[in-house]
Protein chains: 2
Amino acid sequence: MADITDVARAAGVSTATVSRALAGRPHVSAATRERILRLAAELGYVPSSSASGLRSGHTRAVAVVVPRIDGWFYSSVVEGADAELRRAGYDLVLFSLGGRDGERERLFHESILGKRGDGVLALCIDFSRGERAQLAELRLPTMIVGGPVRGVRYVGIDENEAAAIATEHLLELGHTDILFIEGGAEIGQRLNPRVSKERRQGYENAMRAAGRPEEAIRSIQGEFSAAVARARMHELLEAGSVPTGIVAASDEMAVGAILALRARGLRVPEDVSVVGVDGHPVAELFSLTTVAQDPFTQGRTAARMLLDDIGARSSRRSVRVPVEFVPRTSTAPPRDSRSSATEDRSSSSMTA
Amino acid sequence: MADITDVARAAGVSTATVSRALAGRPHVSAATRERILRLAAELGYVPSSSASGLRSGHTRAVAVVVPRIDGWFYSSVVEGADAELRRAGYDLVLFSLGGRDGERERLFHESILGKRGDGVLALCIDFSRGERAQLAELRLPTMIVGGPVRGVRYVGIDENEAAAIATEHLLELGHTDILFIEGGAEIGQRLNPRVSKERRQGYENAMRAAGRPEEAIRSIQGEFSAAVARARMHELLEAGSVPTGIVAASDEMAVGAILALRARGLRVPEDVSVVGVDGHPVAELFSLTTVAQDPFTQGRTAARMLLDDIGARSSRRSVRVPVEFVPRTSTAPPRDSRSSATEDRSSSSMTA
DNA sequence: TTGAAAGCGATACCAA
DNA sequence: TTGGTATCGCTTTCAA
């Protein structure tokens, strides 16, 4: 309710001085500043973000764009970003696409983002060429978390490496017949396809590096969903094809696979080993071995870089954050450890 | 980049007319309006929220306060609220307390919320008397989701009923020795304690209504966490106390209990039946019978009511949304269906 | 139906 | 170090 004029009057100074004092800028004597600070607090004065935004041209807010907010990865990144932004006195304006593709068009086309924030933090969004141009034209500092986009700085893990670590783990245990459950092909939303592509690549690279023949490289599509992975796994098992090891591109899909295996009477890890990627909380509940990433820190880091950009045009580069291998009990050496490279496909045949 | 003056010039009218036309207000001829709309789109004009906010006094944004954003319930409610707000052309400013209690003080004390939004949507927050006074003084329309607060309208399920339904389900199956795993006592954050209290009450009411003696009413503290529930359940089993049925105040705690039971070699539902409350995605993965709520719709409804309030001071009342009983395979009649009311405590003794 | 002009509350420049 | 004042872009009132 109180505005800057009230504070100025109470302190016996001009609004200009109050503004300087509150913004922590120089050219205010210590005594004056202290008095102003005290009075402002007493009066419960909070600057109008509209007024200051209008005059100064910046909103002290950041627009965060997410495909959806109700997902472990997205919400954890946002939580991390929020922590960092809040510390810097910035607000977070959330834009959830929520499966509504029109929303996305509007967001970019009408350059709404720039009106609400001094920067944009986008999660797993695959910017089109036009969208990138828009952002560049608006001179809006931009950061991406989850999947690199040409020309935009980002924070993320080495997706390729993560999947490779998971695959190598099974290879080292002695598995040779390793199935990959891939993500991607999600509903409508134009998510960044590089995440699923690179994870698949990591699996393939590891298999080839281990000398596995091309025909040993096989996968099913789990669409980053436990339910879909479960269904596809069911079909595969129905067809009589039982790998000794499974690498899922996400923990949720790994859980879907475990459920399908259990339903067929197969035990994990005795009959089949399963390893995931992500470090999703559900992994612990299923005692799933996984390659964990830390989305909270990614959000935090991205927000920090964005703030640097907004402030001083720092030219830091994209950041790759490390992953951590988390061994649990869903993986073990294959039952028939003698299985050679030439008979892997048939070595694990069984009846459910 | 284009501002209202550009549009006005292009259309050959005054900025006043442009403003009226774009806001969809009367006193603009159809032809003029159409021309303005077309030109505004062509120029990619988006009104400055700062300027319009400053002049009109409202921000066309809503402040959403959450204890954390990285949790199923919170993020789902926010997703629902976002969908509704977006439809109405409102932005969502997210304030996550993120376990930082100082954050909360600041938020309310400095009446920051009112500066950023035309209304406040708070999740599971237990407003203090002072905080309520603050909001009332600011004349900020407020809605709560998750736990009623005296004097503030809210959207939520009947927590009591939800737990009662879960309990009655076990009672109807013939269980008599039913343990309750309660939530509450969470870390620092002053979450609304009524959710856990009322769920506990629902359990107790159902037990009493079924004629169970007071000593049959027993519970352990799971703090709304799978890990804690699991640990407490372990201790209980260690002590040799094995109920035939368990009602958990949340699905996550129910899963924790299932894990502890499994670790002791107890089967669900053959040895022990477990039922949860929430309808959390993890429930399906564990085939957990539960009483489901729909947080997305709650968020949507709350946002709708808040918008009504902001617009026209509608005096709608708080809303109770229904829950849905979702039977799965974690519950079954007790093994020893003959167990009478007098020997329930010992009827299910066993060795793991 | 339309336009002219006065502000909304802060900031930033320039002068003192 | 301080104060006066123009100004940010829009909405709104009042007059035409």
Side-chain angles (χ1 to χ4, degrees), chain A residues 1-37 39-40 43-61 89 91 110-112 114-118 138 311, chain B residues 1-37 39-40 43-61 89 91 110-112 114-116 118 138 310-311:
Chain A
M1 302 257 94
D3 74 9
I4 198 171
T5 317
D6 300 324
V7 179
R9 188 160 21 219
V13 294
S14 71
T15 60
T17 303
V18 174
S19 180
R20 280 187 289 253
L22 261 31
R25 281 188 321 224
H27 307 302
V28 182
S29 74
T32 308
R33 162 164 290 136
E34 205 173 332
R35 184 158 35 95
I36 290 172
L37 256 40
L39 287 165
L43 295 171
Y45 167 71
V46 180
S48 150
S49 57
S50 295
S52 109
L54 174 58
R55 179 62 240 230
S56 69
H58 48 250
T59 61
R60 290 197 76 77
D91 284 331
E110 304 190 5
S111 52
I112 285 171
K115 292 294 178 174
R116 279 292 188 186
D118 302 333
L138 290 171
Chain B
M1 301 261 92
D3 73 11
I4 198 171
T5 318
D6 299 325
V7 179
R9 187 159 23 220
V13 295
S14 70
T15 61
T17 303
V18 174
S19 179
R20 280 188 289 252
L22 260 32
R25 282 189 323 224
H27 305 303
V28 183
S29 73
T32 308
R33 163 165 288 134
E34 203 173 336
R35 183 157 36 96
I36 291 172
L37 255 40
L39 286 165
L43 295 171
Y45 168 71
V46 180
S48 151
S49 56
S50 295
S52 90
L54 175 57
R55 178 62 235 233
S56 68
H58 49 249
T59 61
R60 289 196 78 77
D91 284 330
E110 303 190 7
S111 52
I112 286 171
K115 292 293 179 176
R116 278 294 188 185
D118 302 334
L138 289 171
I310 291 171

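Since the structure is predicted, the reported quantities are computational estimates derived from the model, not experimental observations. Both backbone and side-chain heavy atoms feed into the values below; hydrogens, waters and symmetry mates do not. Every chain is numbered from 1 and lettered A, B, ... according to where its sequence line falls, protein lines coming before strand lines.
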Would you check, one step at a time, whether the test side chain to side chain contact (heavy atoms under 4.5 Å, CB included) holds for A/Y45 with A/D6?
CA-CA 9 Å; A/Y45 167 71; A/D6 300 324; over 6 Å; no
Which pair of heavy atoms, one from A/S48 and one from B/K115, lies closest together, and at what distance?
CA-CD, 4.2 Å
May I ask you to verify if any side-chain N or O of B/S29 is less than 4.0 angstrom from the OP1 or OP2 atom of C/dT2?
yes
Testing the basics here: between B/A8 and B/S14, what is the closest heavy-atom pair and its distance to 0.1 Å?
CB-C, 3.8 Å
On the nucleotide D/dG9, are OP1 or OP2 found under 4.0 Å from the side-chain N or O atoms that B/T5 carries?
no
Considering all heavy atoms, the nearest A/A51-B/L54 contact
CB-CD1, 3.7 Å
Can you give me the closest heavy-atom contact between A/R25 and A/S19, atom names plus distance?
NH2-OG, 4.2 Å
Nucleotide nearest A/L54 when distance is taken to its side chain, options C/dA10, D/dG9, D/dC10:
D/dG9
Are any protein N/O atoms closer than 3.5 Å to N/O atoms in nucleotides 12-14 of chain D? If there are, list each pair with its distance.
from: D/dT12; atom 1: OP2; to: B/R25; atom 2: NH1; distance (Å): 2.6

Expressed as a whole number of angstroms, how long is the span from A/I4:CD1 to D/dC8:P?
19 Å
Rounded to the nearest angstrom, tell me the gap between atom CG in A/L22 and atom C1' in C/dA12.
16 Å
Could you give the CZ-to-P distance, from B/R35 to C/dT1, as a whole number of Å?
14 Å
If you measure from CG on B/D118 to CG on B/D91, what distance do you get to the nearest 0.5 Å?
10.5 Å
For DNA chain D, report each stem as range with range, ordered by first number, or say none. Use Watson-Crick or G-U wobble pairs under 3.5 Å, at least 3 in a row.
C:1-16 with D:1-16
B/S14 vs C/dG3: side-chain N/O to OP1/OP2 distance below 4.0 Å
yes
Start at the 5' end of DNA chain C and walk down; is the nucleotide closest to A/P47 or to B/P26 reached first?
B/P26
Passes side chain to side chain contact (heavy atoms under 4.5 Å, CB included), A/R116 versus B/S49? Steps please.
CA-CA 7 Å; A/R116 279 292 188 186; B/S49 56; 3.9 Å; yes
Please pick, from C/dT2, C/dG3, C/dG9, the nucleotide with the shortest atom-to-atom distance to any side-chain atom of B/V13.
C/dG3
C/dG9 C1' sits how many Å from A/D6 CG, rounded?
11 Å
What's the NE2-P distance between A/H27 and C/dA16, to the nearest Å?
18 Å
Nearest whole angstrom, please: distance from the C1' of C/dT1 to the CZ of B/R33.
11 Å
Heavy-atom closest pair (A/T5 atom, A/T15 atom, distance to 0.1 Å) is CA-CG2, 4.0 Å
Taking all heavy atoms of B/R33 and all of B/R20, pick out the closest pair and write down the distance.
NH2-O, 4.0 Å
How is B/T32 classified with respect to the nucleic acid when contacts are heavy atoms under 4.0 Å: base, sugar-phosphate, or nothing?
sugar-phosphate
